[in-house]
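Below is one structure; the comments refer to it alone.
Lettering follows sequence order; numbering is per chain, from 1. All values derive from a computational prediction rather than experimental measurement.
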Protein chains: 2
Amino acid sequence: MKEIDSISSKQAQMRKGLLGYAVLCSIKNDEGYAATILANLKKADLLVVEGTLYPLLNRFLREGLLQYEWQESKSGPPRKYYALTEAGTATLKELEGTWKSLVKSMSKLN
Amino acid sequence: MKEIDSISSKQAQMRKGLLGYAVLCSIKNDEGYAATILANLKKADLLVVEGTLYPLLNRFLREGLLQYEWQESKSGPPRKYYALTEAGTATLKELEGTWKSLVKSMSKLN
DNA sequence: AAAAGCTACCTTTTATTACAAGGTAGTGGG
DNA sequence: CCCACTACCTTGTAATAAAAGGTAGCTTTT
């Protein structure tokens, strides 16, 4: 009952933060702004609300995983369009591995 | 952006509470006491520590999902051996479904 | 039979997460 | 020019997990 190896600690992070993984996935496949991301997650039956998404996006920006640029809209205020940075792409790749291994872990329990 | 259907809300519960699902799985397949459960989770590469497990077990007891009986040990204090109640078995079955659907959701995101 | 040490149980404190709710501001239509 | 809508963001609250610390029974050792 002592050392915490890095794999397990990443899985711990994955347990929480599943949503973050989902958000990064969505942005990878479909760059867009907040409403787009919410729609993608909803399509996948993952319910997320604005109050959850915005803090998450801003955290990822601070961490350098995402970048954005303003784009004008034909029907309303301008939008922040998000894209993965290089670091974001790398992190996402890691998270994919972690997710797979978490699924595997759960299947070991039957 | 209004109603939260019960499926999505269960998935929200699943995101958190993944650990709870794992613990119930472990008990289903191998009734035992705290150390047994920790060992099973570790075997599946899910790291959990005592300070996380005990509150969880006690919550499940309060919720009527688990029951326990004291058993003497040859080498130390008596142990609480846990088993699923009927309600626990039913809940676990539900959680299995929710887990599968969560995995499916994640796969939809690619 | 007293001390030391282990095993087992449990609680308290702290950080993080997700959500609900509320708030600001730019844009276009009437 | 005002209203409604869209889009962004913040604040406050509840739950979760982890770290750390604490109590007590049982065995072994002396």
Quiz item: Which residue lies toward the 5' end of DNA chain C, B:G51 or A:L18, if each is placed at its nearest nucleotide?
Solution: B:G51
Exercise. Using a strict 4.0 Å threshold on nitrogen-to-oxygen distance, state whether A:D45 and B:K104 make a salt bridge.
Key: no
Quiz prompt | Shortest side-chain distance from A:L19, nucleotide among D:dC8, C:dA18, D:dA18 | solution = C:dA18
Quiz item: Atom CG of A:L38 and atom P of D:dC9: how far apart are they, to the nearest Å?
Solution: 13 Å
Quiz item: When you look at A:Y81 and A:Y33, which way does the ring-ring contact (aromatic ring centres under 6.0 Å, His included) test go after all the steps?
Solution: CA-CA 5 Å; A:Y81 275 74; A:Y33 71 111; 5.5 Å; yes
Quiz item: Picking from D:dA18, C:dC10, C:dC19, which would you name as closest to the side chain of A:V49?
Solution: C:dC19
Quiz item: Under 3.5 Å, is there a donor-acceptor pair between the side chain of A:D30 and the main chain of A:S26?
Solution: no
Self-check item: Length of the line joining A:E69:CD and D:dA7:P, which is rounded to integer Å
Solution: 17 Å
Practice problem: Look at all strands and tell whether A:G17 reaches a base, only sugar-phosphate, or nothing, counting heavy atoms closer than 4.0 Å. | Solution: sugar-phosphate
Quiz item: Are A:L95 and A:L61 co-members of a hydrophobic cluster defined by side-chain heavy atoms under 4.5 Å apart?
Solution: yes
Exercise. Begin from the C-alpha positions of A:L41 and B:L109 and carry the test side-chain contact (heavy atoms from CB on, under 4.5 Å) through to its verdict.
Key: CA-CA 8 Å; A:L41 297 180; B:L109 286 171; 4.0 Å; yes
Quiz item: Between A:F60 (CZ) and D:dC9 (C1'), how many Å, whole number?
Solution: 17 Å
Quiz item: Counting just side-chain N and O atoms, does A:R59 come under 4.0 Å of either OP1 or OP2 of C:dT17?
Solution: yes
Practice problem: List the steps, then state whether side-chain contact (heavy atoms from CB on, under 4.5 Å) holds for B:L24 with B:Y82. | Solution: CA-CA 10 Å; B:L24 292 178; B:Y82 290 91; over 6 Å; no
Self-check item: Base-contact (B) and sugar-phosphate-only (S) positions in nucleotides 25-30 of chain C, heavy-atom cut-off under 4.0 Å, - elsewhere
Solution: -BSS--
Self-check item: Distance, rounded to the nearest Å, where A:Q11 contributes CD and D:dT16 contributes C1'
Solution: 18 Å
Practice problem: Output yes when at least one side-chain N/O atom of B:R15 is less than 4.0 Å from OP1 or OP2 of D:dA15, else no. | Solution: no
Quiz item: Just one of A:L38, A:L18, A:V48, A:L57 clears the side chain to side chain contact (heavy atoms under 4.5 Å, CB included) bar with A:V23, so which one?
Solution: A:L57
Quiz item: Whole-Å distance between D:dC9 C1' and A:N58 CG?
Solution: 7 Å
Quiz item: If you pin A:K16 and A:Y33 to their nearest nucleotides in DNA chain D, which one's is more 5'?
Solution: A:Y33
Practice problem: Could you check how far CG of A:L57 sits from P of D:dA7, rounded to whole Å? | Solution: 14 Å
Exercise. Rounded to the nearest angstrom, tell me the gap between atom CD in A:Q71 and atom C1' in D:dA7.
Key: 14 Å
Practice problem: Select one nucleotide: of C:dA18, D:dA17, C:dT11, the one nearest the side-chain heavy atoms of B:L56. | Solution: D:dA17
Quiz item: Between atom CZ in A:R79 and atom C1' in D:dC5, what is the gap in whole Å?
Solution: 12 Å
